[in-house]
Visitor: 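I'd like to ask some things about the structure below.
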Amino acid sequence: MTDSSNPEFKKISEIQQRLDILIEHVESRKEALEEEIQEHLHESLANARDSMELIQENIAPKVEKAIHTKMEDIDRKMRRLNEDSLEAVREELKKATPEISQKILEDLDKLVAENTRFVKIEILQEVKEELKKTIANSLTPLNEKLDRELPIAKNSAFLSIILSALALSGVVWLLIR
């Protein structure tokens, strides 16, 4: 008897053919799942980028408005400070002699410059703090969205890997059996 007429050989050949078909199917399904995972990841990244752009578009006007408002406050405070300082100096000059007045004017220039610098620093610190708060408040929705969508993408990827592993173990089991 030849090997090709042997019923056991035919059965083994049939099983081998089925196994080859099953392996091809598992490989194609694995590739499809990998492509799907990549698509989901790319889509999630694109959504995150879009969200960041929207946040930046929303933050820019708020930041500009906050800066403009603070600069107006600085200007108002500076004008008030200068007016108050000048009035105080005028009154002192009326009371003092010309020599003392000259000394006061020199000291006053230094004092006004120092006070101006101090007020600017103080106001700039307030602006920075408010900008930090505004940016933090604007980024909170994005962080929440990423916190919601990232686990979904991870779960999809893990599920695809698990399904691939199960299919591969099925093929191995069929080969061993």
Side-chain angles (χ1 to χ4, degrees), residues 1-78 116-177:
M1 266 175 125
T2 64
D3 285 340
S4 59
S5 63
N6 186 348
E8 288 179 20
F9 179 77
K10 285 182 181 181
K11 193 171 186 177
I12 291 174
S13 283
E14 288 175 9
I15 290 173
Q16 182 64 38
Q17 288 175 347
R18 287 182 188 167
L19 184 59
D20 289 342
I21 291 171
L22 184 59
I23 289 172
E24 287 178 27
H25 176 72
V26 168
E27 286 295 323
S28 68
R29 186 62 188 139
K30 178 184 168 190
E31 290 173 6
L33 287 172
E34 288 174 350
E35 288 176 12
E36 189 175 330
I37 289 170
Q38 288 294 336
E39 287 176 18
H40 284 296
L41 288 175
H42 289 299
E43 184 178 322
S44 295
L45 289 174
N47 288 340
R49 278 190 217 104
D50 291 344
S51 297
M52 285 298 291
E53 289 174 6
L54 285 173
I55 287 171
Q56 288 176 345
E57 289 173 7
N58 289 332
I59 289 176
K62 292 176 183 176
V63 169
E64 187 175 321
K65 183 178 178 182
I67 290 172
H68 183 69
T69 303
K70 284 300 176 183
M71 291 306 292
E72 287 176 353
D73 289 345
I74 291 171
D75 287 343
R76 260 188 267 115
K77 287 179 181 179
M78 293 301 296
T116 303
R117 188 182 61 129
F118 176 73
V119 169
K120 281 184 180 179
I121 290 171
E122 188 176 282
I123 292 173
L124 285 175
Q125 287 174 344
E126 289 177 15
V127 168
K128 286 180 183 178
E129 288 174 16
E130 286 191 24
L131 287 177
K132 285 180 184 178
K133 288 178 186 176
T134 303
I135 290 170
N137 289 339
S138 298
L139 289 177
T140 300
L142 174 64
N143 288 335
E144 292 172 357
K145 183 177 180 181
L146 286 176
D147 288 344
R148 285 190 313 266
E149 291 181 1
L150 190 58
I152 294 171
K154 284 182 180 178
N155 289 340
S156 297
F158 286 129
L159 181 60
S160 299
I161 291 170
I162 289 170
L163 288 175
S164 297
L166 284 174
L168 184 59
S169 22
V171 169
V172 169
W173 183 77
L174 285 174
L175 284 174
I176 293 173
R177 191 177 152 209

Visitor: Using residues 68-76 as the side-chain source, report each donor-acceptor pair under 3.5 Å to any protein atom, sequence neighbours left out, with the distance given to one decimal.
Guide:
residue : atom : partner : partner atom : Å
His68   : NE2  : Glu72   : OE2          : 2.7
Thr69   : OG1  : Lys65   : O            : 2.8
Lys70   : NZ   : Glu130  : OE2          : 3.1
Asp73   : OD1  : Arg76   : NH1          : 3.0
Asp73   : OD1  : Arg76   : NH2          : 2.8

Visitor: Please tabulate, for the side chains in residues 13-39, all donor-acceptor contacts under 3.5 angstrom to protein atoms that are two or more places apart in sequence or on a different chain.
Guide:
residue : atom : partner : partner atom : Å
Ser13   : OG   : Phe9    : O            : 3.2
Gln16   : NE2  : Asp20   : OD1          : 3.1
Ser28   : OG   : Glu24   : O            : 3.4
Ser28   : OG   : His25   : O            : 2.9

Visitor: Please identify each residue that fulfils side-chain contact (heavy atoms from CB on, under 4.5 Å) with Thr140, with sequence neighbours left out.
Guide: Glu144
Visitor: Under 3.5 Å, side-chain donor or acceptor atoms of residues 157-173 against the rest of the protein: list the pairs with distances, not counting sequence neighbours.
Guide:
residue : atom : partner : partner atom : Å
Ser160  : OG   : Ser156  : O            : 2.9
Ser164  : OG   : Ser160  : O            : 3.0
Ser169  : OG   : Ala165  : O            : 2.6
Ser169  : OG   : Leu166  : O            : 3.2

